[in-house]
Chemist: 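Got a structure for you, questions after.
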Amino acid sequence: AQTVTQSQPEMSVQEAETVTLSCTYDTSENNYYLFWYKQPPSRQMILVIRQEAYKQQNATENRFSVNFQKAAKSFSLKISDSQLGDTAMYFCAFIGGSYIPTFGRGTSLIVHP
Amino acid sequence: DAGVTQSPTHLIKTRGQHVTLRCSPISGHKSVSWYQQVLGQGPQFIFQYYEKEERGRGNFPDRFSARQFPNYSSELNVNALLLGDSALYLCASSWDWGDSYEQYFGPGTRLTVT
């Protein structure tokens, strides 16, 4: 069974600064997808960024980018120019051949003005 | 276009009772998944349905059941409620079951069991 570990329960950052959230996973599969989801205090979960394991290039979506290290099974999220609206829970998730997602426990990010 | 909708928003039940949660997917989406999110944890997968058939089931007891209707809406049923069933129940929809990474989540139903 796959496991996803987010070792940082809470993180904080000053507005306009950069923060990196960590995620590691364990799998014996070679083809899979990794995701970062954001869950603001209003609860609705939204997809932030997605990475296909077969792609060596790290995914980027505007201020959000990932550092995908397949051999190390590491998938960190970097948020640049942090904004107050980035305050949320962030979940790392894995989907393999079963198409059933496994989520980490989440990291609570607070952006301070 | 409307997003994924769930009803009710909040629900309070007593131990031993039964509960039904409802989900309407985004128009055109044929797959619905259900998750349980206990406070302080990530979502745990319960079920996935596609074209009215169960395509995946998580590690939950038989007290949990679900179904999908011809219009692709879905119900999650939980029997003999336990205190530990208190959680946020999330529904997510996607175009098809193999495309589960393109999931769109609803706002959730907060279930409290007393």
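Just so it is clear: chains get the letters A, B, ... in the order the sequence lines come, proteins before strands, and each one is counted from 1.
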Chemist: Do you reckon B:V78 sits in the same ILVMFWY cluster as B:L90, going by side-chain contacts under 4.5 Å, direct or chained?
Modeler: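 No, because B:V78 and B:L90 fall into different hydrophobic clusters, even though each may have its own neighbours under 4.5 Å.
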
Chemist: In terms of hydrophobic clustering (I, L, V, M, F, W, Y; side-chain heavy atoms under 4.5 Å; direct or indirect links), are A:L84 and A:L21 co-clustered?
Modeler: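 Per the 4.5 Å side-chain linkage, A:L84 and A:L21 are co-clustered.
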
Chemist: Would the number of heavy atoms belonging to other residues, nucleotides or ligands and lying under 6.0 Å from CG of B:L39 be above 12?
Modeler: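 It does not: B:L39 CG has 12 such atoms or fewer within range.
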
Chemist: Please tabulate, one pair per line, all N/O donor-acceptor pairs under 3.5 Å involving side-chain atoms of residues 100-113 of chain A, not counting sequence neighbours.
Modeler:
| residue | atom | partner | partner atom | Å |
| --- | --- | --- | --- | --- |
| A:T107 | OG1 | A:Q6 | NE2 | 3.4 |
| A:T107 | OG1 | A:Q8 | O | 2.6 |

Chemist: Following the transitive rule for hydrophobic clusters with a side-chain heavy-atom cut-off under 4.5 Å over Ile, Leu, Val, Met, Phe, Trp and Tyr, establish whether A:F35 and A:F75 coincide in one cluster.
Modeler: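 Each belongs to a different hydrophobic cluster.
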
Chemist: According to a 4.5 Å side-chain heavy-atom criterion applied to Ile, Leu, Val, Met, Phe, Trp and Tyr, with indirect links allowed, do A:V66 and A:Y37 form part of one hydrophobic cluster?
Modeler: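 Different hydrophobic clusters.
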
Chemist: Does a sphere of radius 6.0 Å around NZ in A:K78 hold more than 12 heavy atoms from other residues, nucleotides or ligands, not counting ones at 6.0 Å or beyond?
Modeler: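 Count not over threshold, so no.
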
Chemist: If every non-hydrogen atom of A:F91 is compared with every non-hydrogen atom of B:Q37, which pair is closest and at what distance?
Modeler: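 Of all heavy-atom pairs spanning A:F91 and B:Q37, the closest is CZ-NE2, 3.2 Å.
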
Chemist: With a cut-off of 6.0 Å (strictly less than), are more than 12 heavy atoms of other residues, nucleotides or ligands near CG of B:N59?
Modeler: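 Not buried by this count: 12 neighbours or fewer within 6.0 Å.
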
Chemist: Residues of residues 104-114 of chain B under 4.5 Å from chain A (heavy atom pairs)?
Modeler: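 The residues closer than 4.5 Å to chain A, in numerical order, are B:F105, B:G106, B:P107, B:G108, B:R110.
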
Chemist: Using heavy atoms and a sub-4.5 Å threshold, report which of residues 10-18 of chain B line up against chain A, by residue number.
Modeler: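 B:H10 fall under the 4.5 Å cut-off.
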
Chemist: Find the one option among B:P43, B:G56, B:A92 whose heavy-atom pairs under 4.5 Å with chain A are most numerous.
Modeler: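 Counting heavy-atom pairs under 4.5 Å, the top option is B:P43.
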
Chemist: List for me each residue that meets ring pair (Phe, Tyr, Trp, His ring centres under 6.0 Å) alongside B:F60, sequence neighbours excluded, and say none if there are none.
Modeler: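 By the ring pair (Phe, Tyr, Trp, His ring centres under 6.0 Å) rule, B:F60 matches B:F64.
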
Chemist: To the nearest 0.5 Å, what is the distance between CD on A:Q39 and CG on B:L88?
Modeler: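 One gets 6.5 Å once the value is rounded to the nearest 0.5 Å.
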
Chemist: Indicate if A:F94 and A:W36 have the same hydrophobic cluster label, given that clusters are the connected sets of ILVMFWY residues with side-chain heavy-atom separations under 4.5 angstrom.
Modeler: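 Same cluster: A:F94 reaches A:W36 through Ile, Leu, Val, Met, Phe, Trp or Tyr contacts under 4.5 Å.
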
